[in-house]
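First the proteins, then the strands, lettered A, B, ... as listed; each starts at 1. Predicted, not measured: the structure shown is a model, and the values here were computed from it. Side chains included, hydrogens not; waters and symmetry mates left out as well; all remaining heavy atoms used.
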There are 2 protein chains.
Amino acid sequence: MAKISALEGPMSFSVETLREAGLRPTRQRISLAKLLFDGVDRHVTAEALHAEAQAAGIRVSLATIYNTLHQFTEVGLLRQVVVDGARTYFDTNIDDHHHFYFEDEGDLVDIPGDSIVVSGLPNVPAGTTQSRVEVVVRVKGRRRS
Amino acid sequence: MAKISALEGPMSFSVETLREAGLRPTRQRISLAKLLFDGVDRHVTAEALHAEAQAAGIRVSLATIYNTLHQFTEVGLLRQVVVDGARTYFDTNIDDHHHFYFEDEGDLVDIPGDSIVVSGLPNVPAGTTQSRVEVVVRVKGRRRS
DNA sequence: TCAATTATTTAGAACGGTTCTAAGGTGAAA
DNA sequence: TTTCACCTTAGAACCGTTCTAAATAATTGA
C-alpha cells in the first residue's frame, strides 16, 4: 500500500490516471501502463505487448493484456487502429493523426496530425454521426535504415 | 476497365476476362463473376458471397469462394478493404475511391472518387513506394431509410 | 486492523473467420 | 480421347481473440 509510489515512473502517467478512469491500479495495469506510456508514441499488438512484458519480467497473462488494452481504449487512453485483418493495433497517440502502414513489415507509423488535410468530405447519412476519419497511406517495400 | 460488365454482357465478361487473367473459366469462377460483376458496385465478404451463391443455386464450396476472391484480387478484378478486424471485405469497384463504414451495421459504402481530396501527403520513406491511400469515414448510428 | 465485498486476473477452453491438405474432378492441348 | 496441369472440395488445422469460472487482489467499513 505504501509502496505504490515506488512503482511510478518519471513519465506523465500516474496511478491517479487509472483511478480517475475508474480502473483499480493493479500491479498488472500499472506495469503495462508504464510500458505503454513511456513518453514515446507506440503501436502495439496484444501479442507484442505480452512478449515485451514477459521480457521485462512482468507476470501477466495474455487474457489480461487483451482486457487491459480494451479497457484503456474504452477510457480513451488508447486508440484502436485497423489496417490488417489479421491483428489489431493499439496506438498510444490519441490525438488526431494518420498512419503509414508498411505492408511488408506489418509496421504502423504515425504521420503528424497537421501534415495531411482531407477536404471534400461528404455529409454523413441522416441518423448517423461521423465518429472519425482515418487515412492510411499503404506502403510497399523495405525502408532503408 | 472497372465497368466492363456494365458495357458488355455478363457472359462475355466472365469468360474473356478470366482467360486474359490466366484463370481457367470454370463453372464456379464464371458463376461467381456473374454475381459479382453485374454492373453495380458491391462490397462482399466471403460468407456473404457464399450465402448468395447458395441462394442462387450455385454449388460452390466456401474454400472456392476464398480462393476465387483472392485470385480475382490478385489479377485486379477486386480490391480488398480492411475496416473491421473480424472480416475481410472485397470491393468490385477498383477505381480510386474511399469509403463510409457504418460501424453499427458492419456495412461499407463507396464515396465517389472525386469528392474527397487528400492533400499534404508526406513523401514515403526511402526504399519504399506508396501503394495506395485509403480514407475511411467511420460513422455511428443507424441510417434512416 | 481484518473481515466482507467487489473487482481483477488467470489458465485453458471455446470461438469464428480464414487457410491448408490431399484426394477427386475438370478444362484444354494434341 | 488421352493426358496432365489446373481446379474444387470437405474437413481439419490454424490463429488471434473472447469467454468461463475459479483463484486472487484491492477496497470498504466496522
**Message:** Measuring from the side chain of A/Ala63 (C-beta onward, heavy atoms only), which nucleotide among C/dG17, C/dT8, C/dA11 has the closest atom?
**Reply:** C/dA11
**Prompt:** B/Leu62 has a side chain; which of C/dT9, C/dA28, C/dT18 sits nearest to it?
**Reply:** C/dT18
With a 3.5 Å cut-off and no angle check, do the side chains of [X] and [Y] form a donor-acceptor pair?
| X | Y | value |
| --- | --- | --- |
| B/Asp91 | B/His97 | yes |
| B/His50 | B/Gln54 | yes |
| A/Glu103 | B/Ser131 | yes |

**Prompt:** Is it true that A/Arg87 and A/Glu47 have a side-chain N and a carboxylate O under 4.0 angstrom from each other?
**Reply:** no
**Request:** Under 4.0 Å between any heavy atoms, over every strand shown, what does A/Thr26 touch: base, sugar-phosphate, or nothing? Just pick one.
**Result:** sugar-phosphate
**Request:** Classify the nucleic acid contact of A/Thr88 as base, sugar-phosphate or nothing, counting any heavy atom under 4.0 Å across all strands shown.
**Result:** sugar-phosphate
Does [X] make a side-chain N or O approach to OP1 or OP2 of [N] shorter than 4.0 Å?
| X | N | answer |
| --- | --- | --- |
| B/His70 | C/dT19 | yes |
| A/Tyr66 | D/dT18 | no |
| B/Thr64 | D/dT9 | yes |
| B/Arg29 | D/dC7 | yes |
| A/Arg27 | C/dT8 | no |
| B/Arg24 | D/dT8 | no |
| A/Gln28 | D/dT24 | no |

How many Å lie between [atom1] on [X] and [atom2] on [N], as a whole number?
| X | N | atom1 | atom2 | result |
| --- | --- | --- | --- | --- |
| A/Ile58 | C/dT10 | CD1 | C1' | 16 Å |
| A/Phe90 | D/dG16 | CZ | P | 14 Å |
| B/His50 | D/dG11 | NE2 | C1' | 13 Å |
| A/Asn67 | C/dG12 | CG | C1' | 14 Å |
| B/Asp84 | D/dG16 | CG | P | 17 Å |
| B/Arg19 | C/dA29 | CZ | C1' | 12 Å |
| B/Gln71 | D/dT9 | CD | C1' | 14 Å |
| A/Leu18 | C/dA7 | CG | P | 16 Å |

**Prompt:** Relative to the 5' end of DNA chain C, which residue comes earlier, A/Val60 or B/Ala46, by the nucleotide with the nearest heavy atom?
**Reply:** A/Val60
**Prompt:** Are B/His99 and B/Tyr89 near enough that their ring centres are under 6.0 Å apart?
**Reply:** no
